[in-house]
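Following: one structure in structure tokens, then a few remarks.
For ligands, and for the atoms within them, numbers begin at 1 and follow the listed sequence.
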Amino acid sequence: MTSPFEFSFVRSVKQSGGTAVVFKLSDNDVVSGAETVDPGDSFARAMRIAKFKAKKLSKLDIIAPSGSPTDRVIIIGLGKAAEIIAHDWLKLGGVAAAAIDGADKVTIYLDVPGGIINAKIAADFALGMLLRGYRFDKYKSIKDEGEETGSAGKPAKITIVTSGSVLAKRQFENSLAVANGVNLARDLVNEPPNVLGPSEFAAKAKELEALGVEVEILTEREMRRLGMGALLGVAQGSVRPPRLVIMQWKGGKPKDKPHAFIGKGVVFDTGGISIKPAAGMEDMKGDMGGAAAVTGLMHVLAARKAKINAIGIIGLVENMPDGNAQRPGDIVTSMSGQTIEIINTDAEGRLVLCDALWYCNERFKPVFMINLATLTGAIGVALGSYHAGLFTNDDTLAANLLISGINANERLWRMPLGRDYDKMIDSRFADMKNTGGSRQGGAITAAQFLKRFVGNTPWAHLDIASTAMGAPNDEINTSWATGYGVRLLDELVRTYYEN
Ligand code: BES
Ligand code: MN
Ligand code: ZN
């Protein structure tokens, strides 16, 4: 990941040429940086002529007034002072990144008169810029004209002017860790499925060793020995062998129990013998979005040296139709010993996760297990793309996740679990079947299936099928892969579980 921006943080600057970004509240007349870039007091006139009201996330792009030491000014609206929430600063960074449009030298006057000034704001603003600046164009011979990068492919030099520059610079290290983690997750999801198979994904995870993460990669033979018949049943139709990757970040005290994150990593989901329709099947390259989020999160935790012991486990397989593929009617034995009748080979994610969850619980006895998975189309029918589905057996974990989701603006909506839904996956021939038998409550029956593999450990399942990819663009994301989950879980760890 090469960043399109190069940041520096200073208390004051001698502006000469370039683009200035300044801010205005809708309920305060003063514009930040005006004493430097608006010597003739021309901004008021410009805003009046353009009918610019400084509504939140609005912008006005003007040629610098004569006498100004800068060439171009972008005024960004903040709305009313009392209505700014923490997450707005990421969005404002995104708006600025889009607005500077190819400029290679940019000065950002962040100290808003009448507004709150702190280091976290500057760091969040820069994070928003980095997230908005993400591009996935490595396979395009002719790159899109980079709206958010400097000219000639060189990173734009961004100078953020703020009285808290020393602290801001230190906070920015966290922003960089988060941006790189989110953008890593996006890269993994955007990568085409011929390039990123299970072993290639595992090799990417292995690169986290450079940050101090311990990474183990289990091969098919080792998984066979462990009895992971559910995961292996999915993998058997592919010529590309599966991998189980175990990542450990030991930033806490040695005796602290670890916190575990488990991801579905189906590098491509054809549906198998229960094959999917052709239209839109290309999107199933993103069926490893859960594994990508877990990998991105481990990157963030290690890069910012989080004071926590964290485990990341990802099950990497490809779901293909083949002479050796598993059939509807097959019965497989999971690592837990529980048997599963395969009704639909397209309900493969739960089969991968059940062995990964069981393995995680047995080996690590974690404080909690949070799994992320692009598990069901049904969750999109229920919630659309603006909330991921949250299923959990623990009310404290639910509360912590829901609040973190609001603060990170990666929102969750809690869905029900219960005996009646659980009964829907009882099987005539085995301990359970891998679908509920009808489409009714499809996201819930999938969650009930996972629940049978977590024992009494506090557990949450996030169904991210309609948030990890293909979600509508916003201020901080214009990519198909969103990186959903990385900021949410980093927020969760930072707020509730780090010591
Ligand atoms: N990977 C899909 C779910 C999915 C659908 C993710 C659309 C992203 C976008 C999953 O493996 C799947 O095929 N689920 C089936 C389950 C059904 C067969 C019980 C589904 O949702 O239709
Ligand atoms: Mn499927
Ligand atoms: Zn799938």
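- Residues Asn190 and Ser479 are in side-chain contact: their nearest non-hydrogen atoms beyond the backbone lie under 4.5 Å apart.
- When atom types are taken as modelled, the side chain of Thr392 and the backbone of Ala398 share no donor-acceptor pair closer than 3.5 angstrom.
- Counting the atoms of ligand 1 from 1 in the order shown, those under 4.0 Å from a heavy atom of Asn344 are 18 (C).
- Scanning all protein heavy atoms for the shortest distance to atom 14 (N) of ligand 1 gives Leu375 O, 3.5 Å.
- Regarding atom 2 (C) of ligand 1, its nearest protein heavy-atom neighbour is Asp269 OD2, 3.6 Å.
- Here Asn371 contributes atom CG and Ile314 contributes atom CD1; the two are 13.5 Å apart, rounded to the nearest 0.5 Å.
- The shortest N or O to N or O distance between Thr376 and ligand 1 is not below 3.5 Å.
- Thr495 contributes no side-chain N or O that, together with a main-chain N or O of Leu492, makes up a donor-acceptor pair within less than 3.5 Å.
- Judged purely by distance below 3.5 Å, without hydrogens or angles, the side chains of Asn477 and Thr482 never pair a donor atom with an acceptor atom.
- Within the 4.5 Å cutoff, side-chain heavy atoms of Leu232 are placed close to those of Pro242.
- Contacts with ligand 1 closer than 4.0 Å are made by no heavy atom of Met288, backbone or side chain.
- Judged purely by atom type and a 3.5 angstrom limit, Lys56 uses its side chain to pair as donor or acceptor with the backbone of Glu83.
- Proximity to Lys264 (heavy-atom distance under 4.0 Å) selects the following atoms of ligand 1: 1 (N), 10 (C), 11 (O).
- In terms of protein heavy-atom proximity, atom 20 (C) of ligand 1 is closest to Gly377 N, 3.9 Å.
- Less than 4.0 angstrom separates some heavy atom of Met469 from each of these atoms of ligand 1: 8 (C).
- Among the backbone and side-chain atoms of Glu348, an N, O or S atom lies under 2.8 Å from the Mn ion (ligand 2).
- Donor-acceptor pairing under 3.5 Å is lacking for the side chains of Thr435 and Asn344.
- Ligand 1 has at least one atom lying under 4.0 Å from a heavy atom of Lys276.
- Within the 4.0 Å heavy-atom criterion, neither part of Asn319 lies near ligand 1.
- Considering just the N/O/S atoms of Glu348, the one nearest the Zn ion (ligand 3) carries the name OE2.
- Angle subtended at the Zn ion (ligand 3) by Asp269 OD2 and Asp287 OD2: 90°, rounded to 10 degrees.
- Donor-acceptor pairing under 3.5 Å is recorded for the side chains of Thr219 and Glu222.
- A distance-only check finds a donor-acceptor pair linking the side chain of Lys206 to the backbone of Val215 [under 3.5 Å].
- Summary of contacts: the protein heavy atom closest to atom 17 (C) of ligand 1 is Ala347 CB, 4.4 Å.
- Residue Asp346 places at least one N or O, backbone or side chain, under 3.5 Å from an N or O of ligand 1.
- The Mn ion (ligand 2) sits nearest to atom OD2 when only the N, O or S atoms of Asp269 are considered.
- Among the backbone and side-chain atoms of Lys264, an N/O/S atom is found under 2.8 Å from the Zn ion (ligand 3).
- Within the 3.5 Å criterion, the main-chain N or O of Arg411 finds a donor-acceptor partner in the side chain of Tyr484.
- Close contacts of ligand 1 with Glu348, meaning ligand atoms under 4.0 Å from a residue heavy atom, involve 11 (O).
- With Trp249 contributing its side chain and Ala306 its backbone, the two residues share a donor-acceptor pair below 3.5 Å.
- An N or O contact shorter than 3.5 Å is missing between Thr435 and ligand 1 by distance.
- Below 4.0 Å from some heavy atom of Thr374 lie the following atoms of ligand 1, by number and element: 1 (N), 2 (C), 3 (C), 6 (C).
- In this structure, Asp355 contributes its side chain and Leu231 its backbone to a donor-acceptor pair below 3.5 Å.
- Residue Arg350 places no N or O, backbone or side chain, under 3.5 Å from any N or O of ligand 1.
- The protein non-hydrogen atom at the shortest distance from atom 7 (C) of ligand 1 is Met284 CE, 3.7 Å.
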